[in-house]
Amino acid sequence: QVQLVESGGGLVQAGGSLRLSCAASGRTFSTYTMAWFRQAPGKEREFVGIINKGGDTTYYADFVKGRFTISRDNAKNTVYLEMNSLKPEDTAVYYCAVDGGRGSYISPERYDYWGQGTQVTVSS
């Protein structure tokens with residue numbers, strides 16, 4: 001069982017930045033591939049990006065490339081989502097998740113454990 005706790009969300013103006021954190025419980029964090037998703041009101045949960053166990057490989061959805069960066073600190077059992085040049089359409093609840101390794105990496109069904117989410121609101 002893994003527990004994930006996101007933090008760092010808030011209200012920011014368009015063009016601003018936020019850094020989200022996701023703290024994981026347990027001793028095996030370094031063995032997990034981790035991902036970030038987001039869900040806006042009335043929309044399906046969508047893939048944002050993913051980072052491998054060692055933190056040296058990442059992949060992002062097209063709509064965040066060049067603006068968002070995922071990193072991790074295995075010593076702190078934490079994965080981060082640095083968000084720059086935020087847009088009103090980035091407004092959503094952001095979730096981190098542990099990769100279960102099944103199916104497409106952009107599908108929420110692939111992931112085994114989820115945090116409770118943190119709200120990000122970008123004003124225009």
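A continuous path of hydrophobic side-chain contacts links Val120 to Val64 [ILVMFWY only; heavy atoms under 4.5 Å]. Hydrophobic clustering of Ile, Leu, Val, Met, Phe, Trp and Tyr side chains at less than 4.5 Å, counting indirect connections, unites Val2 with Trp36. Hydrophobic cluster membership differs between Val5 and Val48, with clusters built from Ile, Leu, Val, Met, Phe, Trp and Tyr side chains linked at under 4.5 angstrom.
Within the structure, no pair that satisfies the salt bridge (Lys or Arg N to Asp or Glu O under 4.0 Å) test touches residues 113-124, not counting sequence neighbours. Listed by first and then second residue, the salt bridge (Lys or Arg N to Asp or Glu O under 4.0 Å) pairs involving residues 48-62 are Asp62-Lys65 (not counting sequence neighbours). Applying the disulfide (SG to SG under 2.5 Å) rule to pairs touching residues 54-124 yields Cys22-Cys96, sequence neighbours excluded. Contacts classified as ring pair (Phe, Tyr, Trp, His ring centres under 6.0 Å) and involving residues 53-98 (residues at least two apart or in different chains) are given here: Tyr59-Tyr105. Among pairs with a residue in residues 30-40, those fulfilling salt bridge (Lys or Arg N to Asp or Glu O under 4.0 Å) read Arg38-Glu46, Arg38-Asp90, at least two apart in sequence or across chains.
A donor-acceptor contact closer than 3.5 angstrom is absent between the side chains of Thr33 and Asn52.
Residue Gln119 qualifies as enclosed at atom CD: its count of foreign heavy atoms under 6.0 Å is above 12. The 12-atom threshold is exceeded at CG of Leu11, counting heavy atoms of other residues, nucleotides or ligands nearer than 6.0 Å.
No side-chain heavy atom of Glu6 sits less than 4.5 Å from a side-chain heavy atom of Leu20.
The salt bridge (charged side-chain N to carboxylate O under 4.0 Å, His left out) test applied to Glu89 returns no partner, not counting sequence neighbours.
Relative to the six-membered ring of Tyr32, Arg72 misses at least one condition, a distance below 6.0 Å or an angle of at most 45° to the axis.
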